[in-house]
Amino acid sequence: MRLFLLLFSLLFCSYPLASDGTVIKVSLAEVDYAPYYFYQDGQLHGVSVDILHRVLSDIGMSPEFVRRPWTRLLSETSLGRQDLIMVLYKTPERLQQFDYVTPAYLSDKIALLCFKPCASAFDGSLDSLSGMYIGTIRNNSYGEVFDSQPGIARQEVENEELLFKLLGLGKLRYAIASEIRFDWSVKASNDARIMVLSPAIDRAGIYFAFGRQSHVDKDTRQQFSLSLRQLLHSPDYLAILDKYNMQEYRVQPD
């Protein structure tokens, strides 16, 4: 009898206990993505992290963070193995897999970067880039304007760290990137070899997005959206942006 109880206990403990429904599994890329999320002194920080904690606290929930390579992150969240992605642009394809929380909580600029000296002037029109090789990240979106532009040859790399490195070495002449990410990853390091061309190609909303097969029910998603909307109208939102010096990327919700 004791042997049976011991075996039963080991079998039961080898599986995680069922969630009480108050935990949301949140997908993070395996590489830090400042200023959205990054580890410092063993703690997770970032503008997206602060906003997420504020929203989940308001609706009585808490996050469980899971790190994955970017492509796997998208796949697992779309299949419901994780619940939420914190940083996602909208695309027609992703709308079939993800339930975007509205409104967006940041408004990013999509910028064309070049290795100095830049070979040609840029007026904001993507037509002038036709036939040129532009560095991008595999399986990444850069807003509707760039994503739908024909005639641009993409030179794809695995992650943004490699993209900026190749651009800084002159291995790439041009690249597309988030201006927010450039400010935190390159501009802050005073790398004078890379220049942001003006004007920006596009502006794109930064969204939270649930996988359509997530266990999080419709009512909870609606509460999440309502709490986010209330936060965006509050002084707390401005305080979070001030903390990361991101006032210019503020959204103006309806």
Side-chain angles (χ1 to χ4, degrees), residues 27-29 31 33 35-37 48 68-79 84-115 118-164 166-167 171-186 194-212 248-249 251:
S27 297
L28 305 180
V31 178
Y33 202 56
Y36 302 111
Y37 52 86
S48 301
R68 295 287 187 268
W70 177 245
T71 299
R72 183 178 169 191
L73 177 157
L74 291 171
S75 174
E76 288 193 0
T77 309
S78 70
L79 294 172
L84 183 77
I85 296 177
M86 285 202 301
V87 183
L88 203 64
Y89 293 147
K90 273 187 181 181
T91 71
E93 294 76 19
R94 290 176 180 173
L95 283 168
Q96 305 303 312
Q97 301 172 296
F98 300 101
D99 180 13
Y100 284 81
V101 177
T102 55
Y105 63 90
L106 291 169
S107 179
D108 196 6
K109 293 180 183 179
I110 308 301
L112 178 66
L113 314 179
C114 76
F115 177 76
C118 302
S120 60
F122 179 66
D123 62 3
S125 171
L126 292 181
D127 292 337
S128 61
L129 305 181
S130 181
M132 298 172 57
Y133 279 96
I134 308 295
T136 62
I137 301 170
R138 185 170 289 111
N139 295 321
N140 202 32
S141 168
Y142 295 94
E144 185 177 352
V145 172
F146 183 81
D147 290 350
S148 62
Q149 178 72 14
I152 294 179
R154 295 189 179 209
Q155 190 165 340
E156 296 184 330
V157 300
E158 288 300 321
N159 56 61
E160 205 161 50
E161 182 180 5
L162 180 58
L163 182 76
F164 291 145
L166 292 175
L167 188 61
K171 304 291 186 181
L172 291 171
R173 297 297 303 181
Y174 293 93
I176 296 289
S178 151
E179 189 170 290
I180 291 176
R181 285 287 297 145
F182 175 83
D183 283 348
W184 277 73
S185 300
V186 180
I194 301 176
M195 178 179 180
V196 177
L197 298 181
S198 185
I201 290 172
D202 198 4
R203 290 203 78 119
I206 302 294
Y207 292 87
F208 295 112
F210 288 97
R212 288 193 175 269
E248 68 174 297
Y249 304 108
V251 296

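All values derive from a computational prediction rather than experimental measurement. Positions are given from 1, in the same order as the sequence printed here.
- When all heavy atoms of Y105 and S48 are compared, the pair lying nearest together is OH-OG, 2.8 Å.
- Closest heavy-atom contact between S178 and E160: N-OE2, 4.3 Å.
- Residues I201 and A111 approach most closely at CD1-C, 4.4 Å, considering heavy atoms.
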Inset, instruction - Take R154 and D147 through the salt bridge (charged side-chain N to carboxylate O under 4.0 Å, His left out) test and state the conclusion after the steps. - result: CA-CA 11 Å; R154 295 189 179 209; D147 290 350; 3.3 Å; yes
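- Residues Y207 and K90 are in side-chain contact: their nearest non-hydrogen atoms beyond the backbone lie under 4.5 Å apart.
- What you find for V31 and Y37 is that their closest heavy atoms are O-CE1, 4.1 Å.
- For the atom pair R181 CZ and Y33 OH, the distance stands at 5.5 Å (nearest 0.5 Å).
- For Y142 (side chain) and I137 (main-chain N/O), a donor-acceptor pair under 3.5 Å exists by modelled atom type.
- Note that OG1 of T136 and CD1 of I176 are 8.5 Å apart. Values are rounded to the nearest 0.5 Å.
- For the pair R94 (side chain) and Y89 (backbone), a donor-acceptor distance under 3.5 Å is present.
- For the pair C114 and L167, the tightest heavy-atom approach, listed with the atom from each and the gap, is C-CD1, 4.2 Å.
- Within a 6.0 Å radius of CD in E161, no more than 12 heavy atoms belonging to other residues, nucleotides or ligands are found.
- Legend: residues meeting side-chain contact (heavy atoms from CB on, under 4.5 Å) with V157, ordered by chain and number and at least two apart, are L162, L163, L166.
- A donor-acceptor distance shorter than 3.5 angstrom exists from the side chain of R212 to the backbone of L95, with no hydrogens or angles considered.
- Taking CG from N140 and CH2 from W70, the interatomic distance works out to 6.5 Å, rounded to the nearest 0.5 Å.
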Inset, instruction - Check step by step if side chain to side chain contact (heavy atoms under 4.5 Å, CB included) holds for F98 and L74. - result: CA-CA 9 Å; F98 300 101; L74 291 171; 4.2 Å; yes
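- Between the side chains of Y249 and D183, a donor-acceptor pair is found at a separation under 3.5 Å.
- Atom CG of L84 is separated from atom OG of S27 by 7.5 Å, given to the nearest 0.5 angstrom.
- Rounding to the nearest 0.5 Å places OG of S125 at 7.0 Å from CD of Q149.
- Below 30°, between 30° and 60°, or above 60°: for F182 and F164 the angle between ring planes is above 60°, a perpendicular geometry.
- The environment of E144 atom CD is sparse: at most 12 non-hydrogen atoms of other residues, nucleotides or ligands sit within 6.0 angstrom.
- With hydrogens and angles left out, the side-chain atoms of S141 and T91 include no donor and acceptor closer than 3.5 Å.
- For L172 against G135, the heavy-atom pair with the smallest separation is CD1-CA, 4.0 Å.
- Rounded to the nearest 0.5 Å, atoms NZ (K109) and CD (E248) are 5.0 Å apart.
- Inter-residue side-chain proximity for P103 and V251 is flagged as unmet; no heavy-atom pair is nearer than 4.5 Å.
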